[in-house]
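Here the structure comes first, spelled out in structure tokens, and everything after it is commentary.
Here is how names work: the chains are called A, B, and so on, in the same order as the sequence lines, proteins then strands, and each is numbered from 1. Below, each value reflects all heavy atoms present in this structure, side chains not excepted, and no hydrogens, waters or symmetry copies.
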Amino acid sequence: MQISYTIVDSALDRLLVAATTRGISMVSLGDSDSYLEAELARDYPSVELIRDGSMPPEWVDTLVNYLGGQSSNLDLPLDVRATDFQRQVWQALQAIPYGSTSTYGEVARALGYEKTAARAVGHACATNPVSLVIPCHRAVRNDGSLGGYRWGLDRKRALLARERSRSLLFV
DNA sequence: GCCAGAACTCTGG
DNA sequence: CCAGAGTTCTGGC
């Protein structure tokens with residue numbers, strides 16, 4: 001099995017996009033190319049990774065435009081390994097509209113877990129390999145604080161601030 | 001393999 | 001403030 005990936009500049013640091021022939025398997029943000037490549041290699045140890053391999057250019061364009069603020073919705077094919085529970089959580093996250101936030105407890109309740117599973121939801125978010133496409137940055141804690149973020153709290157803060165200000169333009 | 005503890009949490013006592 | 005709830009992963013034995 002092979003995965004093609006590319007690393008480009010975006011409005012928010014370096015952006016890595018990795019994909020199989022079927023869809024996107026990883027989207028990540030980071031300060032350096034080597035860090036992003038190491039992260040990818042760790043997640044797919046037994047896979048051949050091809051830098052700048054063939055991948056539909058519109059997949060990368062869509063993400064770059066999204067970060068640049070030219071578009072507000074991501075509709076991309078995903079090819080991600082996940083358990084049933086993770087898939088449910090991620091689907092619920094994608095239902096959160098651009099520019100707004102939800103809480104881990106609300107997501108749990110939406111899935112029928114009566115908010116006892118908030119912690120499980122948090123963990124499912126933490127293992128989401130596809131930032132931006134699955135907007136785990138739009139999930140915050142019930143008391144208003146941001147909770148944590150796999151790619152760094154500063155990036156979560158920055159993403160939310162950008163989305164909030166741009167959502168006004170899209171109305 | 002098994003069990004305990006942690007991970008981007010929340011509620012009730 | 002503490003414990004417990006639901007899922008997955010990791011590290012120690």
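Atom CG in A/D84 sits about 8 Å away from atom P in C/dT8, given to the nearest Å. Separating the CG atom of A/D143 from the P atom of C/dC1 is a distance of 13 Å, rounded to the nearest angstrom. The CZ-P distance, from A/R87 to C/dT8, rounds to 12 Å in whole Å. If you measure from atom CZ of A/F85 to atom P of B/dT9, you get 13 Å, rounded to the nearest angstrom. One atom, OH of A/Y149, and another, C1' of B/dT9, lie 18 Å apart when rounded to the nearest Å. Atoms CD (A/E106) and P (B/dT9) sit 15 Å apart, rounded to a whole Å. Atom OH of A/Y113 is separated from atom P of B/dT11 by 18 Å (rounded to the nearest Å). Taking atom CG on A/N128 and atom P on C/dT8, their separation rounds to 15 Å, with Å as the unit.
For the pair A/T127 and A/G122, both in contact range of DNA chain C, the more 5′-proximal nearest nucleotide belongs to A/G122. For the pair A/V140 and A/R119, both in contact range of DNA chain B, the more 5′-proximal nearest nucleotide belongs to A/R119. Ranked by how close their nearest DNA chain B nucleotide is to the 5' end, A/R109 and A/H123 are led by A/H123.
In the hydrophobic clustering of ILVMFWY residues, with side-chain heavy atoms under 4.5 Å counting as a link, A/V17 and A/I3 come out apart. No single ILVMFWY cluster, assembled from side-chain heavy atoms under 4.5 Å apart, contains both A/L29 and A/Y35. Tracing side-chain contacts under 4.5 Å through hydrophobic residues (I, L, V, M, F, W, Y), one never reaches A/I7 starting from A/L67; they form parts of separate clusters.
Note: A/Y113 and A/F85 meet the aromatic proximity criterion, with ring centroids under 6.0 Å apart.
With distances taken from any side-chain atom of A/N142 to the nucleotides B/dC10, C/dG6, C/dT8, the minimum falls on B/dC10.
By the neighbour-count criterion of 12 heavy atoms within 6.0 Å, atom CG of A/D143 is densely surrounded, having more than that number from other residues, nucleotides or ligands.
Distances shorter than 4.0 Å separate none of the side-chain N or O atoms of A/T116 from OP1 or OP2 on C/dG6.
Residues A/R14 and A/D9 are paired through a salt bridge, judged by an N-O separation under 4.0 Å between the basic side chain and the carboxylate.
Stem regions annotated for DNA chain B: B:1-7 with C:7-13, B:9-13 with C:1-5, counting only runs of 3 or more consecutive pairs of Watson-Crick or G-U type with both contacts under 3.5 Å.
Every pair tested for salt bridge (Lys or Arg N to Asp or Glu O under 4.0 Å) that includes a residue from residues 106-119 of chain A fails, sequence neighbours excluded, so the list is empty.
Backbone-only engagement by A/A117 is indicated by non-hydrogen atom pairs under 4.0 Å involving sugar-phosphate atoms exclusively.
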